[in-house]
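The next block holds one structure in the form of structure tokens; read it before the comments.
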2 protein chains.
Amino acid sequence: MARGNDREDRQTGGNPARAQLDAGEAERTVAYKLRLAQILAFRAFEEKLADRGRAPRYLGLLAIIRNHPGEPQSRLADAVALRRSSLVAILDTLTDEGLIERRLSAADRRINGIWLTKKGERIVDELLLESRRHDAMLTAGLTSKETATALDVLDRVIANLRTEDAG
Amino acid sequence: MARGNDREDRQTGGNPARAQLDAGEAERTVAYKLRLAQILAFRAFEEKLADRGRAPRYLGLLAIIRNHPGEPQSRLADAVALRRSSLVAILDTLTDEGLIERRLSAADRRINGIWLTKKGERIVDELLLESRRHDAMLTAGLTSKETATALDVLDRVIANLRTEDAG
DNA sequence: CCCAAACTCTTCGGAAGCGAACAATTGCGA
DNA sequence: TCGCAATTGTTCGCTTCCGAAGAGTTTGGG
């Protein structure tokens, strides 16, 4: 089922203070740390909520849908930095799980408007609580000032990348 | 070939000032922005260097190998936050491209020590230059102080996630 | 010495994202 | 009005990563 709670065979508790390997100069780069942090954060969030279906993985998408009901798939794909073609299977799954529904737009019949179901709204609310808990773990030991500037920096990095892409 | 230079049909320049969809409160979280920024940054880096084989994708790994020659695969997997099983195919590819080689350890014959070839070292040096250029694009418009605290914050986020995982 | 536990790397099937191509629909310019 | 380009959602084949399972090697306790 690929959703097993059994972890893979992995480092048995021993080997307690084995230093991590570093990448030297290559490591002192935003992109490198960004990637490492994101992989670990995403994995931890999903593992913690492995019993909640696929909603945790797509919480960002679901939150956008809640904030902007009825948007076409292509704009949602842009918003979460996925391709249109990738979104199809995702929306199929979320539809099967009863969290969203597609409604044909009357104004433009090429478009499927995407909407949350009642169940979808309930689950999104639940998961948003969990995500705040998760973020508290991520930023443990940081001052609120540091967290704030980190959020600001990430915003501007994203903006740089978006304009780069559009150019 | 899946490496085509033809971009997918995508936003034609028009539609200039269409606001991005936001995720509301869900968006004010480190994990969310982390994911978005990483996806965009990784994609941009790979697209810019699409003609260099698979080395750009695995530059982080290659840099670690350069800094720590002869390490076993399992420790490399930990360092780049991938599973041991995932690393096998990656190292196969990098071996095929002549960038690394596996050498059986004499002391412990379970272990493959991983080493860069001459060609590998040359290419890593090239790509490290590119990665600095890339990072400059990411952090355009940021003060060096802001960048520094962002790097520091990411380090601590990674540390939080690593200890969480080890526990 | 010996055997079970631990650790190494590997193979295999499944899940997910991507790029390319396609049909249906819209709209814009000749 | 007509025709062609642009847009939308979709399908298809490919690549990548994961978890589970397995074989070879090492190690430590009886």
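This is a predicted model, so every value here is computed, not measured. All values below were derived from every heavy atom in this structure, side-chain atoms included, with hydrogens, water molecules and symmetry-related copies excluded.
Of the candidates C:dC9, C:dC18, C:dG17, C:dC9 carries the atom nearest the B:P72 side chain, counting heavy atoms from C-beta on. The side chain of B:D108 lies closest to D:dT26 when the candidates are D:dT26, C:dG19, D:dT11. Listed nucleotides C:dT11, C:dG17, C:dA15 differ in distance to A:R54; the shortest reach to its side chain belongs to C:dA15. When distances are taken from the side chain of A:R102 to each of D:dT10, C:dT11, D:dG9, the shortest belongs to D:dT10. Considering only the side chain of A:Y58, C:dG17 comes nearest among D:dT8, C:dG17, D:dC17.
A:R83 places its CZ atom 19 Å from the P atom of D:dT11, with the value rounded to the nearest Å. Summarising the geometry, the separation between CZ on A:R43 and C1' on C:dA16 is reported as 15 Å, rounded to the nearest angstrom. Following rounding to the nearest Å, A:L82 (CG) and D:dG9 (P) show an atom-to-atom distance of 14 Å. Protein atom CG of A:L61 is 14 Å distant from nucleotide atom C1' of C:dG17, rounded to whole Å. In this entry the distance linking CD1 of B:I111 with P of D:dG24 reads 18 Å, nearest Å. Distance CD1 (A:I90) to C1' (C:dC18): 12 Å, rounded to an integer number of Å. Atom-to-atom, CG of B:D92 to P of C:dC12 comes out at 12 Å; the value is rounded to the nearest Å. Separating the CG atom of B:D96 from the P atom of D:dT15 is a distance of 13 Å, rounded to the nearest angstrom.
Residue A:N112 is the one, among A:N112 and B:S86, whose nearest nucleotide of DNA chain D lies closer to the 5' end (criterion: closest heavy atom). Mapping B:I39 and B:G113 onto DNA chain C via the closest heavy atom, the residue that lands nearer the 5' end is B:G113. The nearest heavy atom of DNA chain C to A:R57 and to A:A106 marks one nucleotide each, and the one closer to the 5' end goes with A:R57.
OP1 or OP2 of D:dG19 has not a single side-chain nitrogen or oxygen of B:S85 nearer than 4.0 Å. Close to D:dG22, at under 4.0 Å from its OP1 or OP2, lies no side-chain N or O of B:R84. Listed pair A:Q73 / D:dT7 fails the phosphate criterion, with no side-chain N or O lying under 4.0 Å from OP1 or OP2.
Classification of A:R28 and B:D135 as a salt-bridged pair fails, no side-chain N sitting under 4.0 Å from a carboxylate O. Using a cutoff of 4.0 Å between basic side-chain nitrogens and carboxylate oxygens, B:E130 and B:R133 are scored as salt-bridged. Between B:E25 and A:R132, at least one side-chain nitrogen of the basic residue sits less than 4.0 Å from a carboxylate oxygen of the acidic one, meeting the salt-bridge criterion.
When hydrophobic clusters are built by joining Ile, Leu, Val, Met, Phe, Trp and Tyr residues whose side-chain heavy atoms come closer than 4.5 Å, directly or via intermediates, B:L82 is grouped together with B:I100. Neither A:I39 nor B:L151 shares a network with the other; the hydrophobic side chains, linked directly or stepwise wherever heavy atoms of I, L, V, M, F, W or Y lie under 4.5 Å apart, form separate groups for each.
For C:dT25, its base never sits under 3.5 Å from the side chain of A:R109 at any donor and acceptor pair. For B:R110 against C:dC7, a side-chain N or O and a base N or O form a donor-acceptor pair under 3.5 Å.
Using a 4.0 Å heavy-atom cutoff across all strands shown, B:L87 reaches no nucleic acid atom at all.
Here the side chains of B:V153 and A:T147 are not in contact, with every heavy-atom distance at 4.5 Å or above.
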